[in-house]
Amino acid sequence: MEVTQVLLNAQSVDSTVRKHAEDTLRQFQEQNLPVFLLSLSGELAHEDKPVDSRKLAGLVLKNALDAKEQHRKHELIQQWLALDVSVRSQIKACLLQTLSSPVADAYSTASQVIAKVAGIELPQKQWHELIGSLLSNIHQAHVHLKQATLETLGYLCEEVSPDVVDQDQVNKILTAVVQGMSANERNNDVRLAAIRALYNALGFAEANFSNDMERDYIMRVVCDSTLSPDLKIRQAAFECLVSIASIYYERLAPYIQEIFKITAKTIKEDEEPVALQAIEFWSSICDEEIDILEEYGGEFTADSSVACYYFIKQALPALVPLLLETLLKQEEDQDQDEVAWNLAMAGGTCLGLVARTVGDDIVPLVMPFIEENITKPDWRQREAATYAFGSILEGPAPDKLITLVNVALNFMLTALTTDPNSHVKDTTAWTLGRMFEFLHGSTVDTPIITPANCQQIITVLIQSMNDVPNVAEKACGALYFLAQGYEYVDLQSPITPYFQEIVKSLLTVTDREDAGESRLRMAAYETLNEMVRCSTDETAPMVLQLIPIVMTKLHQTLEAQTLSSDEREKQSELQGLLCGCLQVIIQKVGASEPAKYGFMQFSDRIMNLFLCVFDCRSATVHEEAMLAIGALACATGPDFGKYLPALYKYLEMGLQNFEEYQVCAITVGVIGDISRALEDKILPYCDGIMTQLLRALSSNQLHRSVKPPIFSCFGDIALAIGENFEKYVMYAMPMLQSAAELSFRTSGADDEMVEYTNILRNGILEAYSGIFQGFKNSPKTQLLIPYAPHILQFLDSIYMEKDMDDVVMKTAIGVLGDLADSLGRNAASLIQQSLSCKDFLNECLSSDDHLIKESAEWAKMAISRAISV
């Protein structure tokens, strides 16, 4: 095949030509993969071929080696490893040859593909010669080859795990990279490639950063690079510093004063892209210190695995004025709907992080700036002062801020309605929202909102909801936090008398012609939902009146006939907002007996609307509508059964949607809601549901996040149908057993994996709990006896590993009680033989968490009954 022309045609503006070329490439790949890949690598390496065909050849080759979805990625890796060794060698030779090309698009693409191949082969102990070959290129005088090789080393470090490369090779890579960064390297493109390579290689450099001399050398070269005359080099050098702050925080003490001098000069004098990275360095230091202080609570001992060096506290007197200065560098003509990251925003964000890091200490450093600028005629000064105040509201103790906020509140409300500048009003509304978020509600002793000022606050916010979209959006946000502060107030809240007026205003906002700007419509619906969620019983009749209004709006979205793709996307977004609103209303009225009675008159029409929304999507299910159906099931209870015949096909559709895995997970959760609502009335649908759930678990296309809710759903179904779950035991229990075993093979890899392992184990435990409770008092309980030893072994292992969170601990001790409660004396001897059940029970009985303690006390009683039988 003449692959050049096909690759060029695949980039044609003519859609017919382009599609034909794409189909041809796909067929070629499916029919003869080795020749297909060889053709692409040959095209990429050939200097006489057009740049466009070479570049696309490299991209197609890269996509044949890697994919975002884990199951697909695994398939492509196996596909590559299955190729004949000689074919792979030819492809790799072409890729290495391309590094010598003077064409940047060609060698840059080749460097990415080489890294992908290395990511597959190096862990398999293959392509041993690659790193040596790349390092030998560095010593060539050829500028393009040096640059291409450094890019390749950078991509390789991004793709390959550090434990795959031995330390000697790591040292050589870092030496080559750092030498490429140094001032001795005359070519700026090579220096830039070297700095970017170091950025990716930092994860490999742990041993080097532990060595004082090597670390000093690396830090000196990075800091020197921040002073380069070339902007891109300075920016990349600061990006390295930001990464070093995150990875090697504990190694920074000897360099922090020098770094402050460099960053301060850069923030004041350099161009914005570089100055932004200099600010980001201090934001990263804040992130590290916040994490450390939150984990250890400031109580450090000699045994603490991580120390806090209080870099921010030490730099505070100089850092805060530096950041306050950036707040005055706003852009007047900035499009409020597409806010670009700029110096003022970066400085304000960093100031907020500093406040969270040092707490009360920031207040006296910021207040003089606010007082000096808040009334100045220049809008930049007023906006900067307001932004500074809003930025420091999270961190200091409330009692340090309450007096200041009480003074500022009236001033802010006046500014929101009278300031002539839209930027100032935008930031003022945002600051009011921050006041209500952090200094209002059940956690604050002295309320800033009182019956005396409540009316003024609401009047001003409602008025501001008529302002330009970006100001109106922030006003909605302030109302959101105002409502949220009364979430746990059972008696009349001060905003209850204004409930109807607020709701009416929010609905008006959703109908504004410009509501699509600055995410205004979304903010209005989110605020409406929060008003409903945090409302008191007194407003229940008004909440019920909302239902037909929202239903009408949802019905209107279904009436449009032919829509463009852009209109269809907007329609789907609006349907999601309206379904979300109905979900919150259903949850609210479903929890109130008087309102629930009034709600039932609407339930049939609501369900019909949700089914119509599903019909709009044809092949997919709208996740917000599915969530609302879960709420409807909880609210209507056994009466929900009449909807299942029409709903069932959409449940199946959701369960089969592995690609949109969030939809799949939500559908699983809704089936759990329906099971709890219908109890044994769900039985006629269980064969179909269990078949789909078991099939999903067996598929390698299923996203791992869907597995825990599926296991929980087993428990919900078992609890609903009791001993009728018998026919599924032989399929469900082995699945649970293998998942439990898998959870120990993958645990502890990193924080993300620890979190997932806890979620997975909780899902497994919820399944066991539901199954045991479902079979309780049934003669068929005997069916579960063979599985009891494994379940106890699972509980033992969880306890021994000491990696469980409080949620898992509560569920696990509950399962121990369920086991004893359901199996009685058959479980008693096994529990007594357990390695750690007694210790686990005692630990839970002495827990500070009252929920864990309650579960443990119940489990203790169940075990005592089982033993005494």
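Start at 1 with the first residue, then count along the sequence.
Here Arg234 contributes atom CZ and Leu227 contributes atom CG; the two are 9.0 Å apart, rounded to the nearest 0.5 Å. With values rounded to the nearest 0.5 angstrom, Met345 atom CE is found 14.0 Å from Cys350 atom SG. In this structure, Gln277 CD and Leu241 CG are separated by 10.0 Å, a value rounded to the nearest 0.5 Å. Summarising the geometry, atom CG belonging to Leu353 is positioned 5.0 Å from atom OG belonging to Ser283; distances are rounded to the nearest 0.5 Å. Interatomic distance, Leu134 CG to Leu153 CG, rounded to the nearest 0.5 Å: 5.0 Å. Interatomic distance, OH of Tyr387 versus OG1 of Thr326, reported as 8.5 Å (0.5 Å rounding).
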Please output the side-chain donor-acceptor pairs of residues 250-261 that fall under 3.5 Å, not counting sequence neighbours, one pair per line with the distance.
{"residue": "Arg251", "atom": "NH2", "partner": "Ser210", "partner atom": "OG", "Å": "3.2"}
{"residue": "Tyr255", "atom": "OH", "partner": "Arg215", "partner atom": "NE", "Å": "2.9"}
{"residue": "Tyr255", "atom": "OH", "partner": "Asp216", "partner atom": "OD1", "Å": "2.4"}

Show me the donor-acceptor pairs within less than 3.5 Å that the side chains of residues 50-57 make with the rest of the protein, sequence neighbours left out.
{"residue": "Ser53", "atom": "OG", "partner": "Glu43", "partner atom": "OE2", "Å": "2.7"}
{"residue": "Ser53", "atom": "OG", "partner": "Pro50", "partner atom": "O", "Å": "3.0"}
{"residue": "Arg54", "atom": "NE", "partner": "Leu44", "partner atom": "O", "Å": "2.9"}
{"residue": "Arg54", "atom": "NE", "partner": "His46", "partner atom": "O", "Å": "3.2"}
{"residue": "Arg54", "atom": "NH1", "partner": "Glu47", "partner atom": "OE1", "Å": "3.2"}
{"residue": "Arg54", "atom": "NH2", "partner": "Leu44", "partner atom": "O", "Å": "3.0"}
{"residue": "Arg54", "atom": "NH2", "partner": "Glu47", "partner atom": "OE2", "Å": "3.3"}
{"residue": "Arg54", "atom": "NH2", "partner": "Ser101", "partner atom": "OG", "Å": "3.4"}

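The heavy-atom pair separating Val177 from Ala194 by the smallest distance is CG1-O, 3.1 Å. Considering all non-hydrogen atoms of both residues, Cys240 and Leu202 come closest at O-CD1, 3.9 Å. Here the shortest heavy-atom pairing between Cys94 and Ala45 reads O-CB, 3.6 Å. Leu174 and Ala201 get closest at one heavy-atom pair: CD2-CB, 4.2 Å. Between Ala278 and Thr266, the closest heavy-atom pair is CB-CG2, 3.9 Å.
At least one side-chain heavy atom of Asn421 sits under 4.5 Å from a side-chain heavy atom of Arg382. Proximity of Lys62 to Thr109: side-chain heavy atoms (C-beta onward) are nowhere separated by under 4.5 Å. A 4.5 Å side-chain heavy-atom check between Ile262 and Phe238 finds at least one atom pair inside the cut-off. Looking only at side-chain heavy atoms (C-beta outward), Leu351 and Ile362 come within less than 4.5 Å of each other. You'll find the side chain of Phe481 stays beyond 4.5 Å of the side chain of Met435, heavy atoms only.
One side chain, Glu121 or Trp80, offers a donor N or O that lies under 3.5 Å from an acceptor on the other. Judged purely by distance below 3.5 Å, without hydrogens or angles, the side chains of Asp163 and Ser161 pair a donor atom with an acceptor atom. Between the side chains of Gln126 and Arg88, a donor-acceptor pair is found at a separation under 3.5 Å. Under the 3.5 Å distance criterion, with hydrogens and angles disregarded, a donor-acceptor pair is assigned to the side chains of Asn137 and Thr149. Thr357 and Glu289 form no side-chain donor-acceptor contact under 3.5 Å, judged by distance and modelled atom types alone. If you check the side chains of Tyr107 and Gln147, you find a donor sitting under 3.5 Å from an acceptor.
Here the side chain of Glu206 pairs no donor or acceptor atom with the backbone of Gly203 at under 3.5 angstrom. Side-chain atoms of Arg191 never come within 3.5 Å of backbone atoms of Gly180 as a donor-acceptor pair (strictly under, hydrogens ignored). No donor-acceptor pair under 3.5 Å is formed between the side chain of Asn373 and the backbone N or O of Gln381. A donor-acceptor pair is defined here as one N or O able to donate and one able to accept, closer than 3.5 Å; no such pair exists between the side chain of Tyr155 and the backbone of Ala197. Of the possible donor and acceptor atoms, one in the side chain of Gln314 sits under 3.5 Å from a partner among the backbone N and O of Tyr309. Side chain of Arg356 to main chain of Ile290: no donor-acceptor pair is present (N/O by atom type, distance under 3.5 Å, no hydrogens or angles).
Counting heavy atoms of neighbouring residues, nucleotides and ligands inside a 6.0 Å radius, atom NZ of Lys232 does not exceed 12 of them. For Lys265, the NZ atom sits in a loose shell: 12 or fewer heavy atoms of surrounding residues, nucleotides or ligands are nearer than 6.0 Å.
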Kindly determine whether Glu473 and Ser518 satisfy side-chain hydrogen bond (donor to acceptor under 3.5 Å, both in side chains), including the steps that lead there. CA-CA 7 Å; Glu473 185 265 332; Ser518 295; over 6 Å; no
Steps toward side chain to side chain contact (heavy atoms under 4.5 Å, CB included) verdict (Val170, Ile173): CA-CA 5 Å; Val170 168; Ile173 289 171; 5.6 Å; no
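Aromatic ring centres of Phe311 and Tyr249 lie closer together than 6.0 Å.
Residue pairs meeting the salt bridge (Lys or Arg N to Asp or Glu O under 4.0 Å) criterion with at least one partner in residues 95-117, sequence neighbours excluded, are Asp66-Lys116, Lys116-Glu159.
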